[in-house]
Number of protein chains: 2
Amino acid sequence: MATIYDIAKEAGVSIATVSKVINQTGRISDKTRQHVMEVMKRLNYQPSVVASALTKKRTYTIGLLVPDLANPFFAEIARSVEDRAHELGYNLVICNTDNDLNKEERYTNLLRQKSADGIILATGVRSSASLKKLLQQKQAIAVIARDMPALAVDTVLVDDFLGGYLAASHLLELGHRHIAVISEDLEVMSSRDRVRGYRQALEEADVPFEEKWVRVSAFQLQDGKETAGRLLDEPDRPTAIFACNDLLAIGAIQAARERGLAVPRDLSVVGFDNTVLAGIIDPPLTTIAQPIQEMGRQVVNLISQEINGEKNAKQRVVLVPELVVRESTGQWGA
Amino acid sequence: MATIYDIAKEAGVSIATVSKVINQTGRISDKTRQHVMEVMKRLNYQPSVVASALTKKRTYTIGLLVPDLANPFFAEIARSVEDRAHELGYNLVICNTDNDLNKEERYTNLLRQKSADGIILATGVRSSASLKKLLQQKQAIAVIARDMPALAVDTVLVDDFLGGYLAASHLLELGHRHIAVISEDLEVMSSRDRVRGYRQALEEADVPFEEKWVRVSAFQLQDGKETAGRLLDEPDRPTAIFACNDLLAIGAIQAARERGLAVPRDLSVVGFDNTVLAGIIDPPLTTIAQPIQEMGRQVVNLISQEINGEKNAKQRVVLVPELVVRESTGQWGA
DNA sequence: ATGAAAGCGCTAACAG
DNA sequence: CTGTTAGCGCTTTCAT
């Protein structure tokens with residue numbers, strides 16, 4: 001591989017000059033610039049990012065921590081983040097944490113050793129302690145699809161409260177009065193907000209909120225299926241279920257099917273996220289759409305500003321979720 | 001951030017000594033080793049991978065080129081590759097190529113500039129020209145889930161011929177005689193092999209192979225749906241469809257449904273890949289499973305050996321696909 | 001407008 | 001067993 005020295009020698013100039021034409025800094029005569037560029041092309045020269053990182057302290061690399069790429073929601077997040085990152089000249093290092101605190105810490109350490117310019121978190125981060133440490137180290141950090149309200153950190157997310165509200169309102173309008181919620185984890189802010197939104201909608205409609213309709217489940221399809229199953233087996237079963245993500249919603253649909261309940265005739269189901277899955281299953285899933293593209297775009301914008309020191313204060317971008325009506329919900333009693 | 005100099009000074013030794021304890025090279029007395037390690041811990045020192053990469057020529061980074069992370073098959077591939085890479089001490093840089101030759105080239109150039117230790121290709125690579133160039137540059141390369149038979153390159157894939165054979169045999173056993181295939185792209189080796197396997201099964205069963213049953217489609221769900229729709233609208237419609245990936249298969253199921261055909265009663269469908277989707281849709285999809293976990297594991301092993309120069313010859317690992325029978329296929333005429 | 005030279009943080013002979 | 005020193009490839013003053 002050609003180095004800057006090879007170019008300098010071949011072009012009959014100093015390496016400083018070559019460096020300047022590469023980075024478009026300093027003042028270089030048009031003539032030498034042309035000439036140097038011609039030589040670089042001819043020798044197929046590509047500046048070493050590693051060497052330049054050593055001096056400039058920039059690697060043009062961003063780390064992305066997700067719980068699990070095999071989960072379509074996070075895969076779509078990763079895709080949109082990568083798209084924007086690439087546009088801005090960054091590469092993306094992907095890390096699967098399985099929501100495991102140790103793994104999170106190992107990855108963030110690794111990323112630091114590799115001088116990643118920034119880290120985007122889509123992962124659980126149960127304890128904000130480790131996040132705090134990162135921020136103190138002046139790591140550029142941004143959070144997507146998670147809320148860390150106690151921390152001053154750039155964040156992009158959807159209005160979860162509104163999302164829950166929209167879901168419940170939709171079901172109420174369809175005449176449902178027994179609406180259960182399957183939530184991921186009430187420790188996590190976004191889940192809690194979704195439930196709060198649901199509750200608000202109920203109260204506005206003068207439908208009493210009952211604790212027994214709120215169930216917590218792990219986040220996999222199977223968990224949703226079991227939780228929904230338990231709900232449906234009770235004598236006073238719900239006529240509608242609002243699941244806090246699409247996977248859980250699909251689990252609910254499967255649980256219904258196993259019990260001979262038709263969706264939406266006997267049970268309406270609404271999900272959250274609007275992943276590809278929502279359009280694929282049968283019946284197509286009514287769900288609350290997160291604008292994943294836009295979210296990815298915005299986190300990368302935020303962290304890029306952070307990296308470039310173009311920001312004074314941390315920002316919190318709250319995007320608006322939308323109800324996407326498909327075929328898993330229907331009029332109750334129709 | 002503490003540097004090796006800080007540690008050396010604090011520990012009262014030379015940087016060479018510190019370097020040696022970090023890398024466990026040379027001979028260091030137990031006493032100084034302990035001491036140095038204690039100091040490193042105390043100052044929370046983490047060696048800069050960037051600096052060490054500049055001298056050692058290793059970044060512990062591997063690039064992974066996939067067409068699209070939002071496609072579950074590739075997301076699962078990425079997940080399994082990342083798992084193994086991480087175990088072996090590598091980070092993964094993910095690049096979405098959309099099967100676009102320009103993007104592929106841009107990414108591979110970037111990865112070279114960043115001195116990625118190796119590149120794993122799960123992407124189309126239509127022209128083997130660019131691949132050849134990479135190999136000449138002595139880039140460590142490995143290919144997963146794609147066949148480049150003309151090139152000496154480490155490869156991990158499934159026996160596509162056998163996969164096609166298994167799929168068709170299954171349908172034949174169920175009594176089907178009019179079996180259509182929806183293939184992704186006959187230019188691509190793996191698709192071609194799947195069709196060849198299908199053909200072989202037919203011939204062994206004395207069922208005449210007919211060109212008209214072989215249809216080419218783009219690889220998205222929608223494309224599968226349209227192609228399947230066209231097949232089903234013909235007067236002499238197939239009773240079974242073998243789709244060369246799960247997405248296409250799901251499209252076929254949807255096309256059937258739209259036409260009031262029940263799966264599997266009126267139409268049997270078998271897919272390929274066994275992505276999460278296969279278990280999620282209704283009816284659950286009979287499909288040919290690729291051992292994605294194992295494939296990811298093996299490519300990373302291969303490229304790691306390549307990087308470490310532990311290999312003399314290129315290898316081609318062919319794994320065995322398996323028929324997973326679910327509910328989208330059934331006895332014809334039953 | 002161009003170049004000489006001092007680093008960036010670490011590794012790897014080589015000396016002692 | 002430990003330290004000195006010369007790079008790795010590039011950026012950045014500071015002279016000229």
Side-chain angles (χ1 to χ4, degrees), chain A residues 1-37 39-40 43-61 89 109-117 137 308, chain B residues 1-37 39-40 43-61 89 109-117 137 308:
Chain A
M1 283 242 326
T3 74
I4 200 171
Y5 289 95
D6 302 326
I7 304 302
K9 184 178 300 175
E10 180 74 16
V13 297
S14 76
I15 60 166
T17 303
V18 177
S19 175
K20 279 167 196 153
V21 350
I22 294 170
N23 301 291
Q24 320 204 48
T25 57
R27 345 182 32 70
I28 298 290
S29 77
D30 243 38
K31 186 153 150 284
T32 42
R33 181 199 316 290
Q34 298 300 331
H35 180 216
V36 170
M37 302 218 323
V39 173
M40 295 199 300
L43 301 199
N44 187 25
Y45 168 69
Q46 320 236 175
S48 154
V49 175
V50 172
S52 106
L54 190 56
T55 45
K56 278 205 313 198
K57 266 75 181 65
R58 294 285 231 94
T59 55
Y60 298 96
T61 298
N109 278 336
L110 264 173
L111 290 169
R112 190 158 82 104
Q113 288 193 35
K114 296 205 175 173
S115 311
D117 296 338
Q137 289 169 184
N308 296 318
Chain B
M1 282 239 330
T3 75
I4 199 172
Y5 288 97
D6 303 326
I7 304 301
K9 184 179 300 175
E10 180 74 15
V13 298
S14 75
I15 59 166
T17 302
V18 177
S19 175
K20 279 168 194 152
V21 351
I22 294 170
N23 301 291
Q24 321 205 45
T25 58
R27 344 182 31 71
I28 298 289
S29 77
D30 244 37
K31 186 154 149 282
T32 41
R33 181 199 315 291
Q34 298 301 332
H35 181 216
V36 170
M37 301 217 325
V39 173
M40 296 199 300
L43 301 199
N44 187 26
Y45 168 69
Q46 321 238 173
S48 155
V49 176
V50 172
S52 108
L54 191 55
T55 46
K56 279 206 312 198
K57 266 75 183 65
R58 293 286 231 94
T59 55
Y60 299 95
T61 298
N109 278 336
L110 264 173
L111 289 169
R112 190 159 80 104
Q113 287 193 37
K114 296 206 175 172
S115 311
D117 297 337
Q137 290 168 183
N308 295 318

Give one of base, sugar-phosphate or nothing for [X], where a contact means two heavy atoms less than 4.0 Å apart.
X: A:Ser19; value: base
X: B:Val13; value: sugar-phosphate
X: B:Ile22; value: nothing

In whole Å, I'd like the distance from the [atom1] atom of [X] to the [atom2] atom of [N].
X: B:Lys56; N: D:dG9; atom1: NZ; atom2: P; result: 16 Å
X: B:Gln113; N: D:dG9; atom1: CD; atom2: C1'; result: 13 Å
X: B:Arg27; N: D:dT2; atom1: CZ; atom2: C1'; result: 12 Å
X: A:Lys57; N: D:dC10; atom1: NZ; atom2: C1'; result: 13 Å
X: A:Ile7; N: D:dG9; atom1: CD1; atom2: C1'; result: 12 Å

Mind listing the N/O atom pairs, protein and nucleotides 14-16 of chain D, below 3.5 Å?
none

What's the closest nucleotide to the side chain of A:Ala16 if the choices are D:dT12, D:dG7, D:dG9?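 Ranking D:dT12, D:dG7, D:dG9 by closest atom to the A:Ala16 side chain puts D:dT12 first.
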What residues in residues 29-37 of chain A put a non-hydrogen atom under 4.0 Å from any atom of DNA chain D?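 Nucleic-acid contacts, sorted: none.
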Can you check whether B:Ser14 has a side-chain N or O nearer than 4.0 Å to OP1 or OP2 of D:dT2?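 Answer is no, no contact under 4.0 Å.
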With distance as the sole criterion, do the side chain of A:Tyr5 and the base of D:dC10 form a donor-acceptor contact below 3.5 Å?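 When only heavy-atom distances are counted, A:Tyr5 does reach the base of D:dC10 through a donor-acceptor pair under 3.5 Å.
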Considering all heavy atoms, the nearest [X]-[Y] contact:
X: A:His35; Y: A:Ala11; value: CE1-O, 3.2 Å
X: A:Ala8; Y: A:Ser14; value: CB-C, 3.8 Å
X: B:Ile7; Y: B:Leu43; value: CD1-CD1, 3.9 Å

Reading DNA chain C from 5' to 3', where do the contacts with chain A start and stop? Cut-off is 4.0 Å to heavy atoms.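 Range of nucleotides touched by chain A: C:dA1 to C:dG9.
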Among B:Thr61, B:Asn308, B:Thr59, which one satisfies side chain to side chain donor-acceptor pair (under 3.5 Å) with B:Asp117?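 That would be B:Thr59.
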Over the length of the helix from C:dA1-D:dT16 to C:dG16-D:dC1, how much do the five-pair end axes diverge, rounded to 10 degrees?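 End-to-end axis angle for the helix from C:dA1-D:dT16 to C:dG16-D:dC1: 40°, rounded to 10°.
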Atom pair [atom1]/[atom2] of [X] and [Y] - distance to nearest 0.5 Å:
X: B:Gln24; Y: B:Ile22; atom1: CD; atom2: CD1; answer: 10.5 Å
X: A:Gln34; Y: A:Thr32; atom1: CD; atom2: OG1; answer: 9.0 Å
X: B:Tyr60; Y: B:Ser115; atom1: OH; atom2: OG; answer: 13.0 Å
X: B:Leu110; Y: A:Gln46; atom1: CG; atom2: CD; answer: 8.5 Å
X: B:Glu10; Y: B:Met40; atom1: CD; atom2: CE; answer: 13.0 Å
X: A:Ile28; Y: A:Thr25; atom1: CD1; atom2: OG1; answer: 7.5 Å

Run A:Lys20 and A:Val36 through side chain to side chain contact (heavy atoms under 4.5 Å, CB included) and show every step you take. CA-CA 10 Å; A:Lys20 279 167 196 153; A:Val36 170; over 6 Å; no
Run the side chain to side chain contact (heavy atoms under 4.5 Å, CB included) test against A:Val49 and tell me which residues pass, sequence neighbours left out.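 A:Val49 satisfies side chain to side chain contact (heavy atoms under 4.5 Å, CB included) with B:Gln113, B:Lys114 once adjacent residues are dropped.
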B:Tyr45 and B:Ile4: side chain to side chain contact (heavy atoms under 4.5 Å, CB included), yes or no, with the steps? CA-CA 8 Å; B:Tyr45 168 69; B:Ile4 199 172; 3.8 Å; yes
Nearest heavy atom decides the nucleotide; on that basis, is B:Ile4 or A:Gly12 closer to the 5' end of DNA chain C?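 With B:Ile4 and A:Gly12 compared, the 5'-side residue is A:Gly12.
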A:Asn23: what forms a side chain to side chain donor-acceptor pair (under 3.5 Å) with it, not counting sequence neighbours?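 Once residues adjacent in sequence are excluded, the partners of A:Asn23 under the side chain to side chain donor-acceptor pair (under 3.5 Å) criterion are A:Ser19.
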